[in-house]
2 protein chains.
Amino acid sequence: MPLIQEIRRHHNLAELAREHGFRLTTQRRLIFSILESASTHMNAKEILAQARRVDPGIDQVTIYRNLAVLKKLGVVDELDLLHLRGDQHYYEARQDRPHSHVACLQCGKVMEFSSPAMDKISTEIRDELGFSISFMRVEIGGACAECRRKTPLTSPQTKANQNVSRSKKLN
Amino acid sequence: MPLIQEIRRHHNLAELAREHGFRLTTQRRLIFSILESASTHMNAKEILAQARRVDPGIDQVTIYRNLAVLKKLGVVDELDLLHLRGDQHYYEARQDRPHSHVACLQCGKVMEFSSPAMDKISTEIRDELGFSISFMRVEIGGACAECRRKTPLTSPQTKANQNVSRSKKLN
DNA sequence: TTATTGTTGCAAAAGTTTTGCATTAAGAAA
DNA sequence: TTTCTTAATGCAAAACTTTTGCAACAATAA
Ligand SMILES: [Mn+2]
Ligand SMILES: [Mn+2]
Ligand SMILES: [Zn+2]
Ligand SMILES: [Zn+2]
């Protein structure tokens, strides 16, 4: 882990916070560092669990309040990820370049995908609508290559189309 | 309202439902027709309210269950719209062409924007990842042209940066 | 018309996020 | 360093949205 980048990152957060009148509490720093080093997209519950391994007394409300602050500072992005599991949202430290999230509705895997077409869209919206973009989400749902090979899930509902031939499988 | 299209649409829903073993109840038809003729994106609560003007006895759980069915049938899309108001999601009848949703976080206005770049992205993901796309969301948050002219909202939080000069306005 | 079973409505439960408030602690000023 | 201001935290309760269980109902096909 390159030290210089570490330092620069923290410097940015500290400076950003100060500029906006936010204090740099240990909890805030902890939550941000968790997201910075996360290898997956985490929801509030997961962030809380991991934060408690360092600060057992931290409360969930502190997670929520700080996620709101970190979003405002633009250092954390909130994702819907199609609510893959439950009703929560997911969070990630803001990346250098925007990327789309491709979620497999069968196995739950989430892939990231970068494309110049994303910049194209944001440029168009800025130029044609005069809109000032704060953030952008591209979220895609479907079936990954791996799952497509395996049996397509029964996706629908009750008994009707489980073994009735005219009932097509959905997805 | 062109009758031919009306008929074709309903025919599609009836056929789709039958193919998948779903029944075409009056409630289901009502909910779909509400979304079909809606001029705005509606959340479950709003759909319920409007449905009750026709069927006062309809329950919210019927709204939720049917939105799930209509989504599975691919005739309704669920949107996050950055949770502009509260924690709900929004729904719209599936359109002919995919479009992105541009939401102003200040006035709450939601604009729709179509671009070939969206198709570009989905094509890339299909070809490069071997991913089968069921649906795609592009959601953008920021400030609309109109709001940019007016005073930028204080967006942040407490008293600190309300009148302290070094505190920049966020968005 | 009858049989089957998907669907509805009601009520309760579950899951997630927010609010109120006293206490603590970050950061600026003295 | 010490003092002072007030943003931030933790705890508990509340608010909100969505889901589940189940008996009664109604859409389809036989
Ligand atoms: Mn990501
Ligand atoms: Mn969402
Ligand atoms: Zn998969
Ligand atoms: Zn606006």
Side-chain angles (χ1 to χ4, degrees), chain A residues 13-15 17-32 42-49 51-52 55-73 78 80 83 85-91 156-167, chain B residues 13-15 17-32 42-49 51-52 55-73 78 80 83 85-91 156-167:
Chain A
L13 179 60
E15 190 175 306
R18 193 165 5 87
E19 279 175 0
H20 295 284
F22 292 111
R23 293 176 182 176
L24 204 53
T25 64
T26 57
Q27 293 93 332
R28 183 161 295 162
R29 213 190 310 261
L30 171 59
I31 291 167
F32 182 57
M42 305 174 74
N43 60 34
K45 200 176 184 178
E46 294 165 338
I47 296 170
L48 174 64
R52 281 191 165 154
D55 177 358
I58 198 172
D59 192 86
Q60 57 176 17
V61 76
T62 300
I63 305 296
Y64 285 112
R65 290 194 273 229
N66 274 295
L67 287 173
V69 169
L70 295 171
K71 275 194 293 173
K72 281 182 183 166
L73 293 179
E78 181 174 12
D80 180 276
H83 291 250
R85 312 190 293 279
D87 286 334
Q88 318 90 330
H89 276 183
Y90 297 84
Y91 302 86
Q157 63 308 332
T158 51
K159 303 153 194 171
N161 47 2
Q162 281 185 350
N163 33 29
V164 179
S165 60
R166 78 172 188 291
S167 294
Chain B
L13 179 59
E15 191 174 306
R18 193 164 5 85
E19 279 174 1
H20 295 285
F22 291 111
R23 293 178 183 174
L24 204 53
T25 64
T26 57
Q27 293 93 331
R28 183 161 295 161
R29 212 191 310 261
L30 171 59
I31 291 168
F32 182 57
M42 304 174 76
N43 60 32
K45 199 176 184 180
E46 294 165 339
I47 296 169
L48 174 64
R52 281 192 165 154
D55 175 359
I58 198 170
D59 191 85
Q60 57 177 20
V61 77
T62 299
I63 305 296
Y64 284 113
R65 288 194 275 230
N66 274 295
L67 287 173
V69 168
L70 295 172
K71 275 194 293 173
K72 281 182 182 163
L73 294 179
E78 182 174 11
D80 181 275
H83 290 251
R85 310 192 294 281
D87 287 333
Q88 319 91 329
H89 276 183
Y90 298 83
Y91 302 86
Q157 65 306 333
T158 51
K159 305 154 194 172
N161 47 2
Q162 280 187 350
N163 35 28
V164 178
S165 59
R166 76 171 191 293
S167 294

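Here is the naming used below: chain letters follow the sequence lines, and residue numbers restart at 1 for every chain.
Taking atom NE2 of residue H89(A) and atom P of nucleotide dC16(D), one finds them 18 Å apart after rounding to whole Å. The distance between atom CD of Q60(B) and atom P of dT19(D), rounded to the nearest whole Å, is 11 Å. A straight line from CG of D59(B) to P of dA23(D) spans 18 Å, rounded to a whole angstrom. Rounded to whole angstrom, the span from the CG atom of L67(A) across to the C1' atom of dT18(C) amounts to 14 Å. Rounded to an integer number of Å, the gap from CZ of R29(A) to P of dA8(D) is 13 Å. Taking atom CD1 of residue I63(A) and atom C1' of nucleotide dT18(C), one finds them 15 Å apart after rounding to whole Å. When rounded to the nearest whole Å, the span between CG of D87(B) and C1' of dA14(C) equals 15 Å. Between the CD atom of Q88(A) and the P atom of dT18(C) there is a distance of 13 Å, rounded to whole Å.
Sequence neighbours left out, not one pair with a member in residues 58-67 of chain A passes salt bridge (charged side-chain N to carboxylate O under 4.0 Å, His left out).
Counting heavy atoms from C-beta outward, E78(B) and Y91(B) have side chains that approach closer than 4.5 Å. The shortest side-chain heavy-atom distance between K45(B) and I63(B) does not fall under the 4.5 Å cut-off. Two residues are said to be in side-chain contact when any heavy atoms from C-beta on lie closer than 4.5 Å; V69(B) and R28(B) meet this criterion.
Among the atoms of the strands shown, none is found under 4.0 Å from any heavy atom of G86(B).
When each of T26(A), I47(A), L48(A) is checked for a side-chain contact (heavy atoms from CB on, under 4.5 Å) with I58(A), only L48(A) meets the rule.
The side chain of F22(B) has dT7(C) as its nearest neighbour among dT8(C), dT7(C), dT9(D).
Between N43(A) and dT16(C), a side-chain N or O to OP1/OP2 separation shorter than 4.0 Å is absent. Proximity of T62(B) to the phosphate of dT8(C): no side-chain N or O atom is located under 4.0 Å from OP1 or OP2. Remark: R28(B) is in phosphate contact with dT7(C), judged by side-chain N or O atoms under 4.0 Å from OP1 or OP2.
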What N/O pairs connect the protein and nucleotides 24-26 of chain C at under 3.5 Å? Give each pair on its own line.
| unit_1 | atom_1 | unit_2 | atom_2 | d |
| --- | --- | --- | --- | --- |
| dA26(C) | N3 | R23(A) | NH1 | 3.0 |

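Remark: D87(B) engages H83(B) in a side-chain contact (heavy atoms from CB on, under 4.5 Å) (not counting sequence neighbours). Qualifying salt bridge (Lys or Arg N to Asp or Glu O under 4.0 Å) partners for R85(A), counting only residues two or more places apart in sequence or in other chains: E46(A).
In terms of polar N and O atoms assigned as donor or acceptor, the side chain of R65(B) comes within less than 3.5 Å of the base of dG9(C) in a complementary pairing.
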